[in-house]
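Below: one structure, written as structure tokens.
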Amino acid sequence: MSDHSPTPTQQDQPQPQIKTPLIHLNTNQTQNLNQEQEDQEEQQEEEEGETHLDKTLQRLKFYLFLLGFDQSSVIRCVISWVTFLVMGVLIPVVVLLMPTNCLSCGLYQINGFELVIVASHASLAAVALLCLSHSLRKYGIRKFLFVDQYSGHVERFSKEYIQKISESRRLLVLWVLPCLILKIAREIINVTYVRHDSLWKSSTVPIALTLSWAYVNTIYLSSCLVFHLVCILQIIHFDDYGKLLETETDVLVFIEEHARLRHDLSKISHRFRIYLILVFTVVTSSQFAMLFQITEFSDKVTFISGGDFAVSSIAQVVGLILCLNAAAKISHRAQGVAAVASRWHALASCGPDDTSHMRVSNRGMSTVSSESDLEAMNYIPVPTNTQLASYLSSYHRRQAFVMYLQNNPGGITLYGWTVDRGLINTIFFIELSLVLFVLGRTTVFTSESLP
């Protein structure tokens with residue numbers, strides 16, 4: 001046997017085990033636990049934000065359902081249109097055409113005026129119900145507002161979405177409430193002069209007209225604010241795109257993101273173009289109809305008989321202003337992206353690295369042109385071909401991106417016409433001229449208006 005064979009005592013002796021210090025184990029476990037807690041907290045915050053957004057969208061959907069915009073089934077569609085026809089058309093027409101023994105109605109109340117107002121507001125509410133209910137039924141509330149979970153922006157912009165939706169609800173109250181107060185004040189003044197043969201008619205007629213007027217105007221202004229909300233939510237994405245220019249350097253990422261934003265604006269324009277054109281047409285036609293009525297009955301127009309014209313004109317133009325304001329904002333943001341990209345391109349081109357390349361190349365060219373003796377010329381390091389190619393390639397990519405944005409500004413369009421400041425100025429002056437004429441002829445007290 002060999003002398004080096006292990007002895008029995010050496011074979012039975014256990015080998016020493018290498019143990020990891022407890023300090024390192026505790027440190028690693030603590031780091032893993034902290035990372036898991038952070039991940040759980042982030043996931044919980046995302047779930048809470050998404051849940052809060054879902055609740056906000058459900059409240060908005062329920063509000064639109066109460067107004068009759070949710071026509072996803074045949075029963076809801078029938079209930080919506082029957083309610084509209086009864087509240088918006090049948091009740092005011094029956095109240096205005098029912099016989100009465102009022103002695104002063106011929107002087108202080110002209111049914112022709114009232115019927116024109118009923119027809120104009122009913123037409124606007126019908127346009128709102130028809131267009132908005134069709135889009136909601138086809139796309140759903142999430143895709144209609146572009147906050148669907150498939151876009152990948154819900155986790156990032158959920159708080160901004162909730163804030164903008166809440167602001168839209170406050171804006172609705174801010175605009176509907178003053179118009180309703182003006183209508184109630186006008187009806188109270190009308191009751192003091194127009195006395196029916198019974199107290200029941202004197203109280204029922206103004207209440208019925210006020211409720212009908214409030215119903216159709218709430219539908220109209222709510223539809224305008226829904227369009228306003230869709231545009232305002234897109235402004236969040238354009239603001240984020242401006243921040244993207246400060247962090248990213250890949251031009252292809254910029255082009256892909258801008259193409260997606262422009263595609264969303266094209267969808268919005270396509271969904272709302274019929275609605276915007278019909279609203280503008282109905283409002284302008286209503287203003288001209290009021291103008292013709294005032295011209296025809298110029299000797300009978302007083303604040304009491306024609307005051308409803310003034311209140312209705314204000315309510316109609318308010319809705320139109322909300323639509324045009326939202327369209328102009330999003331068009332302005334879309335066109336302003338080109339200016340932001342131009343500034344980014346200028347800063348990138350005039351940065352320290354690019355400036356050094358330009359200085360070296362310019363210095364070399366000027367020295368060669370001024371010195372005729374090549375032996376007297378000092379050695380000047382010239383950028384390598386790789387450096388020049390990289391610089392020129394980056395510059396040309398940025399320049400192509402800026403030209404792309406300048407030639408594709410985007411915005412809300414109506415069959416090719418961009419809703420920008422030029423179009424808004426034209427529409428504003430037309431509507432302002434009509435409204436000022438109506439206000440000037442109806443908000444004047446004359447001796448005939450006194451009892």
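These numbers come from the heavy atoms of this one structure, side chains and all, not from hydrogens, waters or symmetry mates. Please read all numbers here as calculations on a predicted model, not as lab measurements.
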Quiz item: Between V402 and Q406, is a side-chain contact (heavy atoms from CB on, under 4.5 Å) present by the stated rule, with each step listed?
Solution: CA-CA 6 Å; V402 172; Q406 291 176 350; 3.6 Å; yes
Quiz item: Around R343, counting heavy atoms of other residues, nucleotides and ligands shown, do more than 12 lie under 6.0 Å from its CZ?
Solution: no
Quiz prompt | Of D70, V147, L64, the residue whose pairing with I141 passes side chain to side chain contact (heavy atoms under 4.5 Å, CB included) | solution = L64
Practice problem: Measure up the W213 and H121 rings against each other and bin them: parallel (under 30°), tilted (30 to 60°), perpendicular (over 60°). | Solution: perpendicular
Exercise. For the pair K183 and E187, evaluate salt bridge (Lys or Arg N to Asp or Glu O under 4.0 Å) and give the outcome as yes or no after the intermediate values.
Key: CA-CA 6 Å; K183 176 64 177 178; E187 291 297 332; 3.0 Å; yes
Quiz item: Which is it for T210 and L180 under the side-chain contact (heavy atoms from CB on, under 4.5 Å) test, yes or no, and what are the steps along the way?
Solution: CA-CA 8 Å; T210 303; L180 183 59; 4.3 Å; yes
Practice problem: Would you confirm whether N407, through its side chain, and M403, through its main-chain N or O, come within 3.5 Å as a donor-acceptor pair? | Solution: yes
Self-check item: R271 to Y139 six-membered ring, cation-pi geometry met (6.0 Å, 45°)
Solution: yes
Practice problem: Start with the C-alpha distance between L136 and F65, add both sets of side-chain angles, then the distance that settles side-chain contact (heavy atoms from CB on, under 4.5 Å), and finish with yes or no. | Solution: CA-CA 11 Å; L136 288 174; F65 167 73; over 6 Å; no
Exercise. Show your reasoning for whether salt bridge (Lys or Arg N to Asp or Glu O under 4.0 Å) applies to D239 and K243.
Key: CA-CA 7 Å; D239 291 340; K243 296 177 183 178; over 6 Å; no
Practice problem: Look at the rings of Y161 and H237 and say which category their plane angle falls in: under 30° parallel, 30 to 60° tilted, over 60° perpendicular. | Solution: perpendicular
Exercise. Could you tell me whether the side chain of Q71 reaches within less than 4.5 Å of the side chain of W81, counting heavy atoms only?
Key: yes
Practice problem: Enter the distance from F146:CZ to L261:CG here, rounded to the nearest 0.5 Å. | Solution: 11.0 Å
Quiz item: How are the rings of W344 and F401 set relative to one another: parallel (under 30°), tilted (30 to 60°) or perpendicular (over 60°)?
Solution: perpendicular
Quiz prompt | Test item: S331 side-chain N/O and I412 main-chain N/O as donor-acceptor pair under 3.5 Å | solution = yes
Practice problem: Identify the heavy atoms of C231 and A327 that sit nearest to each other, and give their distance. | Solution: SG-N, 4.4 Å
Quiz item: Among all residues two or more places apart in sequence or in another chain, which pass the side-chain contact (heavy atoms from CB on, under 4.5 Å) test with A208?
Solution: I91, V95
Quiz item: So, does S120 use its side chain to make a donor-acceptor pair with the main chain of I117 at under 3.5 Å?
Solution: yes
Quiz item: Is there a side-chain contact between L132 and F227, using heavy atoms and a 4.5 Å cut-off?
Solution: no
Quiz item: What about F272 and F144, are their ring centers closer than 6.0 Å?
Solution: yes
Quiz item: Do you know which two heavy atoms are closest between A125 and F84, and how far apart they sit?
Solution: CB-CE1, 3.6 Å
Show me the side-chain donor-acceptor pairs of residues 167-178 shorter than 3.5 Å, one per line, residues at least two apart or across chains.
unit_1 : atom_1 : unit_2 : atom_2 : d
E167   : OE2    : Q163   : NE2    : 3.4
S168   : OG     : K164   : O      : 3.0

Practice problem: Kindly give the heavy-atom pair with the smallest separation between G88 and V118, and that separation in Å. | Solution: O-CG1, 3.9 Å
Quiz item: To the nearest 0.5 Å, how far apart are CZ in R59 and OG1 in T56?
Solution: 4.5 Å
Self-check item: Reported CD1-to-CD1 distance for the pair I232 and I330, which is rounded to 0.5 angstrom
Solution: 7.5 Å
Self-check item: From S223 atom OG to L322 atom CG, the distance as rounded to the nearest 0.5 Å
Solution: 9.5 Å
Quiz item: Does the side chain of L276 come within less than 4.5 Å of F280's, by heavy atoms?
Solution: no
Exercise. Answer yes if the side chains of S158 and H52 hold a donor-acceptor pair under 3.5 Å, and no otherwise.
Key: no
Exercise. Apply side-chain contact (heavy atoms from CB on, under 4.5 Å) to Y220 and V279, showing your working.
Key: CA-CA 9 Å; Y220 165 61; V279 166; 3.9 Å; yes
Self-check item: Value rounded to 0.5 Å, distance of OG in S222 from CG in L66
Solution: 10.5 Å
Quiz prompt | Check: V127 and S123 side chains under 4.5 Å, non-hydrogen atoms | solution = no
Practice problem: Indicate yes or no: at least one non-hydrogen side-chain atom of S269 is less than 4.5 angstrom from one of L414. | Solution: no
Quiz item: Would a 4.5 Å heavy-atom cut-off, applied to side chains only, mark E257 and R260 as touching?
Solution: yes
Exercise. Give a yes or no on whether the backbone of F254 and the side-chain of Y241 come within a donor-acceptor separation of less than 3.5 Å.
Key: yes
Quiz item: Heavy-atom count around Y63 OH within 6.0 Å, excluding the residue itself: above 12?
Solution: yes
Quiz item: Can you find a pair of side-chain heavy atoms, one from K55 and one from T51, that are under 4.5 Å apart?
Solution: yes
Quiz item: Are any of the side-chain heavy atoms of V318 and L221 separated by less than 4.5 Å?
Solution: yes
Self-check item: For the student: nearest non-hydrogen atoms of Y215 and L67, plus distance
Solution: OH-O, 4.2 Å
Self-check item: Point-to-point distance, once rounded to the nearest 0.5 Å, from CG of L129 to OG of S80
Solution: 5.0 Å
